[in-house]
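One structure is given here, and the rest of the page talks about it.
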Amino acid sequence: PNLWVPDPTVGGIFSGKKTYNPSKSSTYVKNGTAFAINYAQGPVSGYYVKDTVTFGPISVPSYTFAAVNVTKGLGIGYTIGAFDGICGFSLPDISTDGVQTPLQALVESQELDENVFAFYLGSNGADGELTLGGVNDDYYEGDFFTVDVIPQLPGVYGYWEVAIDDIQVASSSVSDIRKVVFDSGTSIIGAPAEDLKRIAKLVGATPVAPIPPFNKEYFIDCDAESPTIDFIIGGRQLILVILSCTRCI
């Protein structure tokens with residue numbers, strides 16, 4: 001749940017990355033403490049700084065975040081990815097070095113209409129959207145329902161993790177998993193390997209490539225007539241309708 005941005009040493013002038021240069025900020029305050037975090041792809045490191053950070057219309061003065069100068073742990077995904085840094089929206093118990101999270105800073109600013117945020121995922125090349133302090137009524141119909149976040153360990157709340165009643169394909173259960181994480185930091189749906197194979201077979205998905213790690217990711221042909229994948233959460237049926245060949249599992 002940390003915020004980090006690349007410093008000017010990352011990527012070079014041809015990388016296209018937007019970087020943060022402390023020397024060009026009149027509100028920068030030196031911290032100097034080392035920063036290091038590990039993602040599934042690998043480590044990222046740099047140093048902490050303190051500066052005014054703006055989240056949409058909300059400015060947070062003297063906010064501690066990281067300026068990163070080593071991104072090699074993210075590999076080619078960072079090099080070609082259309083993102084500069086990461087703004088983590090997880091819960092505070094897993095914050096690296098106990099640094100105040102962006103969500104904590106936004107709540108403490110008391111400038112949100114509600115302590116709510118919402119993601120809209122764009123499709124077919126359209127931009128997505130993050131709404132702070134509410135939801136955008138243009139992107140949904142009907143009413144929301146809520147479920148409680150559960151701890152990942154006793155007393156530890158880090159991920160947006162909830163209990164799940166079942167996962168079904170064609171009305172048949174396909175997994176014994178009974179808790180899931182809603183993770184805005186990934187573009188795929190992950191599951192235990194055996195469950196994933198079972199789901200892929202039922203919906204007609206095929207591996208991206210025959211070699212690791214691509215044999216553990218699946219895509220669906222645009223012309224496939226696939227059944228829905230149903231997530232039963234809080235007694236409600238959430239239906240994933242497969243509409244395109246974009247990697248969805």
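Scope of the values below: all heavy atoms of this structure, side chains included, with no hydrogens, waters or symmetry mates. These numbers were taken from a predicted model, which means no experiment stands behind them.
There is a path of hydrophobic side-chain contacts, each under 4.5 Å, that joins Leu103 to Leu130. Phe219 is connected to Ile211 through a chain of hydrophobic side-chain contacts under 4.5 Å among Ile, Leu, Val, Met, Phe, Trp and Tyr, so both are in one cluster. By the criterion of side-chain heavy atoms lying less than 4.5 angstrom apart, applied directly or through intervening Ile, Leu, Val, Met, Phe, Trp or Tyr residues, Leu74 is grouped together with Ile37 in one hydrophobic cluster.
Summarising the geometry of Thr52 relative to Pro61, their closest heavy-atom pair is OG1-CA, 3.8 Å, with the distance given to 0.1 Å. Shown here for Asp84 and Gly16, the closest heavy-atom pair between the two residues is OD1-O, 4.3 Å. Taking all atoms of both residues into account, the shortest heavy-atom contact from Thr71 to Val44 is CA-CG2, 4.4 Å. Shortest non-hydrogen contact noted between Val60 and Ala105 is CG1-CB, 4.1 Å. Considering all non-hydrogen atoms of both residues, Gly234 and Asp165 come closest at N-OD2, 3.4 Å. Closest approach of Asn38 and Pro43 over heavy atoms only: OD1-CB, 3.2 Å.
Rounded to the nearest 0.5 angstrom, Gln168 CD and Ile239 CD1 are separated by 10.5 Å. Atom CD1 of Ile94 sits about 10.0 Å away from atom OG1 of Thr101, to the nearest 0.5 Å. Taken to the nearest 0.5 Å, the CG atom of Asn2 stands 12.5 Å off from the CZ atom of Phe89. Atom CD1 in Ile164 sits 7.5 Å away from atom CD1 in Ile232 (nearest 0.5 Å). Interatomic distance, Ile86 CD1 to Tyr78 OH, rounded to the nearest 0.5 Å: 8.5 Å. The line from CD1 of Ile199 to CD1 of Ile229 is 5.5 Å long, rounded to the nearest 0.5 Å.
Two residues are said to be in side-chain contact when any heavy atoms from C-beta on lie closer than 4.5 Å; Leu240 and Ile189 meet this criterion. Contact of the Val180 side chain with the Phe231 side chain is not registered, since no non-hydrogen atoms from C-beta on lie closer than 4.5 Å. Taking 4.5 Å as the limit, some side-chain heavy atom of Ile177 sits within range of a side-chain heavy atom of Pro192. Counting only heavy atoms from C-beta outward, the side chains of Asp7 and Thr19 never approach each other to under 4.5 Å. For the pair Lys216/Leu196, no side-chain contact is recorded, criterion being any heavy-atom separation below 4.5 Å from C-beta on. The closest side-chain heavy-atom distance from Leu91 to Val149 is below 4.5 Å. When side chains are defined from C-beta on, Asn215 does not count as touching Pro210, because their heavy atoms never get closer than 4.5 Å. Between Tyr218 and Val203, every side-chain heavy-atom pair lies at or beyond the 4.5 Å cut-off.
Applying the salt bridge (charged side-chain N to carboxylate O under 4.0 Å, His left out) test to Lys197 and every residue at least two apart in sequence or in another chain returns Glu194. Under the rule for a side-chain contact (heavy atoms from CB on, under 4.5 Å), the partners of Leu153 that lie at least two apart in sequence or sit in another chain are Val156. Under the salt bridge (charged side-chain N to carboxylate O under 4.0 Å, His left out) criterion, Asp93 pairs with no residue, sequence neighbours left out. Every residue meeting the side-chain contact (heavy atoms from CB on, under 4.5 Å) condition with Tyr120, not counting sequence neighbours, appears here in chain and number order: Glu129, Tyr139. Contacts of Ser45 classified as side-chain contact (heavy atoms from CB on, under 4.5 Å), with partners at least two apart in sequence or in another chain: Ala36, Val70. Residues satisfying the side-chain contact (heavy atoms from CB on, under 4.5 Å) criterion with Ser184, sequence neighbours excluded, are Phe119.
Other residues sharing the hydrophobic cluster of Ile150, ordered by chain and number and joined by side-chain separations under 4.5 Å: none, the residue standing alone. The hydrophobic cluster of Leu121 has no other members, since no ILVMFWY side-chain heavy atom comes under 4.5 Å of it.
Sorted by first then second residue, the side-chain hydrogen bond (donor to acceptor under 3.5 Å, both in side chains) pairs that include residues 171-182, not counting sequence neighbours, are Asp166-Ser173, Ser175-Asp195. Applying the ring-ring contact (aromatic ring centres under 6.0 Å, His included) test to pairs two or more places apart or on separate chains, those with a residue in residues 47-69 are Tyr20-Phe65, Phe35-Tyr48. Annotation: side-chain hydrogen bond (donor to acceptor under 3.5 Å, both in side chains) contacts involving residues 141-152, sequence neighbours excluded, are absent. Each ring-ring contact (aromatic ring centres under 6.0 Å, His included) pair with one or both residues in residues 142-162, not counting sequence neighbours, appears once here: Phe117-Trp160, Tyr140-Phe144.
The backbone N or O of Phe83 lies less than 3.5 Å from a partner atom in the side chain of Lys17, making a donor-acceptor pair.
Side chains of Asn136 and Thr131: a donor-acceptor N/O pair is absent below 3.5 angstrom, by distance only.
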